[in-house]
2 protein chains.
Amino acid sequence: MPATKSAAAAVEHTDASVRPRRTRGGPKGLRITDVAAQAGVSPITVSRVFNNPESVAPQTLERVREVVQKLGYVPNRLAGGLSSAHSRLIAAIVPTIAHSLFSETIQVFSETMSRAGYEVLLALSGYSASNEETLLDAVLSRRPEGVLLTGVAHTDWLRERLRNVGIPVVETWETTETPIDMLVGFSHYEIGAAVAGHFLQRGARHPALISANDERALARRAGFRERLARAGIHNVAEKIVAPPSSVEVGKGALPDLLSRAPDIDAVFCGSDLLAIGALGAARRMGLAVPSRLAICGFGDLEFSAETIPQLTTVRVDGTRIGLNAARFLLDRLNGGRSPDERRVLDVGFTIVARESA
Amino acid sequence: MPATKSAAAAVEHTDASVRPRRTRGGPKGLRITDVAAQAGVSPITVSRVFNNPESVAPQTLERVREVVQKLGYVPNRLAGGLSSAHSRLIAAIVPTIAHSLFSETIQVFSETMSRAGYEVLLALSGYSASNEETLLDAVLSRRPEGVLLTGVAHTDWLRERLRNVGIPVVETWETTETPIDMLVGFSHYEIGAAVAGHFLQRGARHPALISANDERALARRAGFRERLARAGIHNVAEKIVAPPSSVEVGKGALPDLLSRAPDIDAVFCGSDLLAIGALGAARRMGLAVPSRLAICGFGDLEFSAETIPQLTTVRVDGTRIGLNAARFLLDRLNGGRSPDERRVLDVGFTIVARESA
DNA sequence: CTGAAAGCGCTTACAG
DNA sequence: CTGAAAGCGCTTACAG
């Protein structure tokens, strides 16, 4: 009976004659049989202690748990998952978590899934669709039981593959009429339109745009331009920048915009970082913000609205997205909801502007 | 020969007579044998196409890849990992990724590991040691090949368990004389001392502290206080707050501090969020920053130094930590470095203060 | 360059 | 409440 890991190693050596050409795990690693032997029960009972403790007699339970404790046994979920077809793994595919509101979503999502006994496999796709496809396969090879996706702009290939796998999927941070499965998000188009409306209401005549060229930013751009078009404004100066956006990029974009369109009086930036950069550039150029030039960001990285009263921003509750995405998945995983029930939640947004702005 | 997933399901049914009491995976899921049959090779060859393509004849390689493509086969890494004892999984245990510089570290770490063929299992521990222990076991059950840890303040239990498992470990964001294995970080104590030095040099006579009570913040506090003590300042007003820190918490902390110690002329805050909140409170109370009250944060969330020139902050390169942590692990995993080679990297820090401050 | 046999460490589906 | 047998889908270590 192995009482320690080194003793277990000795057992392995003894067994070597029985298993001719394999010492694969090597001397490392306790197995369920080590615990079973030590506790005087079968491996099945040990398995039940972990996965279905109510079905085990109290004394047995306690004895097994003592042995587990003593040996420091940690079940191998690769084996468990393979055998049970339940990996207890959830995949989250996100463009980036650095300097981004997605980090809030992933934070809450991960905490919630973790509490429910799942682990989160994090896949960062950048902003490339091909990357997302590669990552999806890497991630599917772990046989996750659910997937969180960022955005709704996925290739047909990806949508098809995900549908074939048949696991619950939540798309987040965006809306669409045709979700792959479930959805928790808000309309970027409506945000763009709302910011345009806000600018118009403030009396802006020449609104402009600094936007990244990712799908969501471009949806905001569309809403922005179309709302302005309805107001008769068709010439909207714009600067499209490549992600990731940063303060530096924003700082460079504004002068460029102004050189081409000196009379702009409002700028909608694709992110708060861009807006902060634009604000810095405006200061340097002696343009009063917001009186001469209104600047609106996107994201409200908590301190933006708080600390930079000149800026307007759009607040989105990333936390609420993460929480509800987790709930949607868990409801499905726990069998409480049918796969045919397509759930969609629009969490909305808020434009945050100081009175003075 | 199954040519589609539904065809594969039919094969499962046919096999049902051979495998009496099991239909576990159910009709889902292509197996390596499906690909092998279709391509007219053995499963071993298919396995090689994925794991060791150079050892396969070019035509065979192509034929198998075509079938893989056509069927949409994705290998099952639960099975692969179990069989090979290589999970290709790396665990990252971090207190939080929301509003935090850790997100930068995880971003770069994850990208780097992903490029090397590993996936990252993300575990968010909050700031509790017991939570960290629970998470470690959850994570170890996946048999990761390496672990990234935040900080060096772990329980003996955790350090012991990690050592027993024998996989490479990198501790990050801190230094210690006794790392579990490898380390990429910087000295929080030195930062505290350096900020104290900075305040003293500016002529501060009554520096104060607003700090969270997590290990790293307390180390900065120790350095801060001891440097001040060497300058003969022993009464340092302080406000200890519970994580997570936020602008709101900082805004509440400063008035509290001032009510107890009205003559303070400098405050070192545990994070930029706290500093921003303190700045807001100072403004509201009519205290000029930094002339009447200097405020220093920690973290430099990119825009802090950029957009709030009144604040001083401490810049730490989270990106560099993530990159080097990944490199350390990969060097070990690729066998290029011996487990006995204890690698430690101090990435240092920078105090960022405007001339005017 | 390719394959048959055995095994990785669990859990399922029964039976008792 | 407990256990013997079989199998989950791969890969290793040989042999050829």
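Considering only side-chain atoms of B/Ser84, the nucleotide from D/dT12, D/dG3, C/dT11 that sits closest is D/dT12. Distance from the side chain of B/Ala79 is smallest for D/dC10 among the nucleotides D/dT12, D/dC10, C/dG3.
Screening residues 143-153 of chain A for side-chain hydrogen bond (donor to acceptor under 3.5 Å, both in side chains) gives A/His86-A/Glu145 as the qualifying pairs, with residues at least two apart or on separate chains.
As rounded to whole Å, 13 Å separates atom C1' of D/dC8 from atom CG of A/Asn76. Atom-to-atom, CZ of A/Arg31 to C1' of C/dG7 comes out at 12 Å; the value is rounded to the nearest Å. What separates CD1 of A/Ile32 from C1' of C/dG7 is a distance of 17 Å, to the nearest Å. Rounded to a whole Å, the CZ atom of A/Arg77 is 9 Å from the P atom of C/dT11. Taking atom CD1 on B/Ile44 and atom P on D/dG16, their separation rounds to 15 Å, with Å as the unit. Atom CZ in A/Arg143 sits roughly 17 Å away from atom C1' in C/dC10 (whole-Å rounding). Per the geometry, CG belonging to B/Leu82 stands 12 Å off C1' belonging to C/dT11, to the nearest Å.
One finds the CG atom of B/Leu136 at 8.5 Å from the OG1 atom of B/Thr155 (value rounded to the nearest 0.5 Å). Of the inter-residue distances, the one linking A/Tyr127 atom OH with A/Thr96 atom OG1 reads 6.0 Å to the nearest 0.5 angstrom. Taking CD1 from B/Ile90 and OG from B/Ser110, the interatomic distance works out to 10.5 Å, rounded to the nearest 0.5 Å.
A/Arg88 has no carboxylate O lying under 4.0 Å from a charged side-chain N of A/Glu119, or vice versa, which leaves the two without a salt bridge. Looking at A/Arg332 and A/Asp181, a side-chain N of the basic residue comes within less than 4.0 Å of a carboxylate O on the acidic one, giving a salt bridge.
Side-chain nitrogen and oxygen atoms of B/Ser83 include none within less than 4.0 Å of the OP1 or OP2 phosphate oxygen of D/dG9. At D/dC10, one or more side-chain N or O atoms of B/Tyr73 fall inside 4.0 Å of OP1 or OP2 (strictly under the cut-off). For A/Thr45 and D/dG3, the shortest distance from a side-chain N or O to OP1 or OP2 is below 4.0 Å. Applying the 4.0 Å criterion to OP1 and OP2 of C/dG3, one finds that B/Ser42 has a side-chain N or O inside that range.
Two residues, A/Pro75 and B/Gly40, neighbour DNA chain C, and the one matched to the more 5' nucleotide by heavy-atom proximity is B/Gly40. Positionally, the nearest nucleotide of DNA chain D for B/Leu78 lies more toward the 5' end than for the other of B/Leu78 and B/Arg48.
Each of A/Ile321, A/Leu329, A/Leu323 was scored for a side-chain contact (heavy atoms from CB on, under 4.5 Å) with A/Phe109, with one residue passing: A/Leu329.
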For Watson-Crick and G-U wobble pairs within 3.5 Å on both distances, what is DNA chain D written in dot-bracket notation, | included for inter-strand pairing? |||.||||||||.|||

For the pair B/Phe50 and B/Tyr73, evaluate ring-ring contact (aromatic ring centres under 6.0 Å, His included) and give the outcome as yes or no after the intermediate values. CA-CA 11 Å; B/Phe50 284 100; B/Tyr73 171 70; 5.8 Å; yes

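Using a 4.5 Å cut-off on side-chain heavy atoms (C-beta onward), A/Pro144 and A/Ile167 make contact.
Of the residues in residues 49-63 of chain B, those placing a heavy atom less than 4.0 Å from an atom of DNA chain D are B/Asn51, in numerical order.
In terms of heavy-atom proximity, B/Ser125 sits nearest to B/Ile93 at CB-CG2, 4.1 Å.
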